[in-house]
Amino acid sequence: MNNLGLEKLELREIELPLKAPFETSFGTAFKRRILILRVFNRDGAVGYSECTAPEEPFFNHETTDSAWTIITKYIAPLLTKANIHSAEDVSKALAPIRGNRMAIGGVETAIWELESRIADQPLWKHLGGTQTEINSGVSIGLQKSTDILLEKVTREVDSGYQRIKLKIKPGQDIELVKTIRNAFPDILLSVDANSAYRLERDLDILKQLDDFDLLMIEQPLAAGDIVDHAKLQQQLKTSICLDESITCLADARHALELGSCRIINIKLGRVGGHSEARAIQAYASERNIPVWCGGMLESGIGRAHNIAMSTLAGFTLPGDVSASARYWNEDIIVPPVEVSSRGTITAPTAPGIGYAINESLIEKITTRSEVVDMRAT
Ligand code: OSB
Ligand code: MG
């Protein structure tokens, strides 16, 4: 028995060229190979989502290809056998799968979207969101020169974004942060290292970052180095924010109990979907730990899910959810995500993710697809 009446799951890989390459400490993305999911129920209702797994296993272990395999071979069959009465049941049913949370999150968020459409309400309300407007920041990749970086930061500050995040790595850190801070003494500024530093080797450099009044230093050390992050936090004035280290509520609890961070970045895919994201923000909120919504260079569908999640009360800092036009010439949702001159995004009023889907564009850029039957036999 399956009250949501799940009948089939469609996977599509689409290819979207990025307007400009995006460089982090772990590599450069030139285009995205994005897995778009569509779940159908017996009454013809549909739910859309995006799996946030990147092309290569450098951010975490997952990839577009690994997610495809895990979804078709394990997630769909487990859900077919399970008793799925509501979207809240999905993550429990998938608990036997170790890791692979971006694959799980892809399917889980599609089922939440389906359920909100059946309930005829915006996904953000269906999740319990209360903020009708979310605060938007930008993440700016490593650049060829500090002059180019300064130009990019200037453009984003001028368009109204509320917080600027700079990617850093060893050898490209203090000098660029100093330049941006001198040019913009008052902006909310943070840095993201994507695990590029090591405590014993880099403590001096990391301590120098304390001079720039940063809002946070995101994920300086390796994902598993939660003890070293705690040691580092004790020696810094600046708050550490964890991204890669937090894959579930238990990780958040461990990090907060150890004192490994004072801020948490929540990414829907990384934590396995809306239920876990909601649980983490509630847990953090009770402990006065601010959270914000991270990004994985999503297309409009993933972006819309991020907007819905960001309306939950615990999301008190500007996130990395920015305008579609920063990344895409043409997005797969209509209208694209737009950001006001005050750096805000208004939560949509239509049911589900609240944006129309450009099906013909999706069809045109699909490179492979597969449909998995989910009817119980
Ligand atoms: O660590 O936040 C990150 C992009 C790809 C992989 C990891 C990260 C990022 C970003 C970009 O910082 C955020 C976005 O605008 O989507
Ligand atoms: Mg990050």
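Remember, predicted model here, so these are calculated numbers, not experimental data. Computation of the quantities below employed the complete heavy-atom set of this structure, encompassing side-chain atoms and omitting hydrogens, waters and symmetry-equivalent molecules.
- Residues Ser86 and Glu115 have side chains in contact (heavy-atom distance under 4.5 Å, counting atoms from C-beta outward).
- When side chains are defined from C-beta on, Val138 counts as touching Ile164, because their heavy atoms get closer than 4.5 Å.
- Taking the side chain as every heavy atom from C-beta outward, Arg253 and Leu249 never approach each other to under 4.5 Å.
- Ionic pairing of Asp320 and Lys267 is not present here: no N-O contact between side-chain nitrogen and carboxylate oxygen is shorter than 4.0 angstrom.
- The side chain to side chain donor-acceptor pair (under 3.5 Å) pairs that include a residue from residues 96-113 are Glu108-Trp112, Glu108-Ser275, Trp112-Ser275, Glu113-Arg117, where partners are two or more places apart or lie in different chains.
- The heavy-atom pair separating Ser260 from His229 by the smallest distance is O-CB, 3.6 Å.
- Between Lys8 and Asp373, no side-chain nitrogen of the basic residue sits less than 4.0 Å from a carboxylate oxygen of the acidic one, so the salt-bridge criterion is not met.
- The backbone N or O of Lys169 sits less than 3.5 Å from a side-chain atom of Tyr197, completing a donor-acceptor pair.
- For NZ of Lys144, the number of neighbouring non-hydrogen atoms (other residues, nucleotides, ligands) closer than 6.0 Å is 12 at most.
- Residues Arg270 and Thr52 form no side-chain contact, since every pair of their non-hydrogen atoms from C-beta on lies 4.5 Å or further apart.
- Looking at Gln131, its side chain does come within 3.5 Å of a backbone N or O of Leu312 through a donor-acceptor pair.
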_side-chain hydrogen bond (donor to acceptor under 3.5 Å, both in side chains) between Arg33 and Thr64, intermediate numbers included_ = CA-CA 7 Å; Arg33 284 174 51 212; Thr64 314; 4.8 Å; no
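- When every heavy atom of Asp331 is checked against every heavy atom of Gly300, the shortest pair comes out as OD1-N, 2.7 Å.
- Closest heavy-atom contact between Val291 and Ala284: CG1-CB, 3.5 Å.
- Checking side-chain atoms of Gln219 against main-chain N and O of Glu244 turns up a donor-acceptor pair under 3.5 Å.
- Of all the heavy atoms in Pro220 and Ala193, the pair that sits closest is CA-CB, 3.8 Å.
- Ile118 places a side-chain heavy atom less than 4.5 Å from the side chain of Asn41.
- By the salt bridge (Lys or Arg N to Asp or Glu O under 4.0 Å) test, Arg368 is found to be paired with Glu13, Asp65, residues two or more places apart in sequence or in another chain being considered.
- At least one side-chain heavy atom of Leu166 sits less than 4.5 Å from a side-chain heavy atom of Leu189.
- Interatomic distance, Glu151 CD to Thr146 OG1, rounded to the nearest 0.5 Å: 12.0 Å.
- Under the 4.5 Å side-chain contact rule for hydrophobic residues, Leu188 and Phe184 do not share a cluster.
- With rounding to the nearest 0.5 angstrom, the SG atom of Cys241 is 5.0 Å from the CE atom of Met216.
- Note on Phe212 and Ile180: same hydrophobic cluster, where clusters join Ile, Leu, Val, Met, Phe, Trp and Tyr whose side-chain heavy atoms are under 4.5 Å apart, directly or indirectly.
- Both Ile97 and Met374 are members of a single hydrophobic cluster when ILVMFWY side chains are connected at heavy-atom separations under 4.5 Å.
- In this structure, the side chains of Phe40 and Leu6 stay at 4.5 Å or more apart for every pair of heavy atoms.
- Judged purely by atom type and a 3.5 angstrom limit, Ser369 has no side-chain atom pairing as donor or acceptor with the backbone of Leu11.
- Residue Thr72 comes nearest to Trp68 through the heavy atom pair OG1-O, 2.8 Å, listed as atom of the first residue, atom of the second, then distance.
- Taking CD1 from Ile174 and CG from Asp211, the interatomic distance works out to 7.5 Å, rounded to the nearest 0.5 Å.
- No side-chain donor-acceptor contact under 3.5 Å links Glu276 to the backbone of Cys248.
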*asked:* Does Met102 form a side-chain contact (heavy atoms from CB on, under 4.5 Å) with Phe59? I'd like the steps, not just the answer.
replied: CA-CA 12 Å; Met102 290 174 167; Phe59 171 79; 3.9 Å; yes
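- For the atom pair CG of Leu221 and CG of Asp228, the computed distance is 6.0 Å after rounding to the nearest 0.5 Å.
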*Please assess Arg32 against Ser299 for the test side-chain contact (heavy atoms from CB on, under 4.5 Å), listing each intermediate value before the final yes or no.*
CA-CA 9 Å; Arg32 292 295 331 279; Ser299 79; over 6 Å; no
*asked:* Using salt bridge (Lys or Arg N to Asp or Glu O under 4.0 Å), reason through Lys237 and Asp210 one step at a time and then give a plain yes or no.
replied: CA-CA 6 Å; Lys237 280 187 283 167; Asp210 265 344; 5.3 Å; no
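- Side-chain atoms of His274 never come within 3.5 Å of backbone atoms of Met309 as a donor-acceptor pair (strictly under, hydrogens ignored).
- Without hydrogens or angle criteria, Thr154 side chain to Leu150 main chain gives a donor-acceptor distance under 3.5 Å.
- Within the model, atoms CG of Leu268 and CD of Glu298 stand 8.0 Å from one another, a figure rounded to the nearest 0.5 Å.
- At least one donor-acceptor pair closer than 3.5 Å links the side chain of Asp251 to the backbone N or O of Thr247.
- Qualifying salt bridge (Lys or Arg N to Asp or Glu O under 4.0 Å) partners for Glu133, counting only residues two or more places apart in sequence or in other chains: Arg342.
- Phe58 and Ile34 are assigned to two separate hydrophobic clusters, defined by single-linkage of ILVMFWY side chains at heavy-atom distances under 4.5 Å.
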*Yes or no on salt bridge (Lys or Arg N to Asp or Glu O under 4.0 Å) for Arg326 and Glu156, after CA distance, side-chain angles and deciding distance?*
CA-CA 10 Å; Arg326 293 188 61 249; Glu156 305 296 9; 2.8 Å; yes
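- Residue Met296 is not grouped with residue Ile264 when hydrophobic side chains (ILVMFWY) are merged at heavy-atom distances under 4.5 angstrom, including chains of intermediate members.
- By the 4.5 Å heavy-atom criterion applied to side chains, Leu94 and Ile75 are counted as neighbours.
- Here the straight-line distance linking atom NZ of Lys364 with atom CG of Asn358 works out to 8.5 Å at 0.5 Å rounding.
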_Could you walk me through whether Leu215 and Lys165 satisfy the side-chain contact (heavy atoms from CB on, under 4.5 Å) test, starting with their C-alpha distance in whole Å, then the side-chain angles of each, then the deciding distance to 0.1 Å, before giving a yes or no?_
CA-CA 9 Å; Leu215 179 62; Lys165 161 173 137 184; over 6 Å; no
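- Checking Ser245 against Asp243 by side-chain atom types alone, no donor-acceptor pair falls below 3.5 Å.
- Without hydrogens or angle criteria, Ser324 side chain to Val337 main chain gives a donor-acceptor distance under 3.5 Å.
- Few gaps surround CZ on Phe26; more than 12 heavy atoms of other groups in view lie less than 6.0 Å from it.
- A salt bridge does not link Glu55 to Lys31: none of the charged nitrogens lies less than 4.0 Å from a carboxylate oxygen.
- Remark: Arg163 is positioned above the aromatic ring of Trp292, its terminal NZ or CZ atom under 6.0 angstrom from the ring centre and at most 45 degrees off the axis.
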*Does the pair Glu175 and Lys178 meet the rule for a side-chain contact (heavy atoms from CB on, under 4.5 Å), with working shown?*
CA-CA 5 Å; Glu175 187 243 61; Lys178 187 185 281 173; 5.8 Å; no
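- Residues Lys167 and Leu142 share a closest heavy-atom pair of O-CD2, 3.2 Å.
- Side chain of Glu50 to backbone of Gly302: a donor-acceptor contact under 3.5 angstrom is found.
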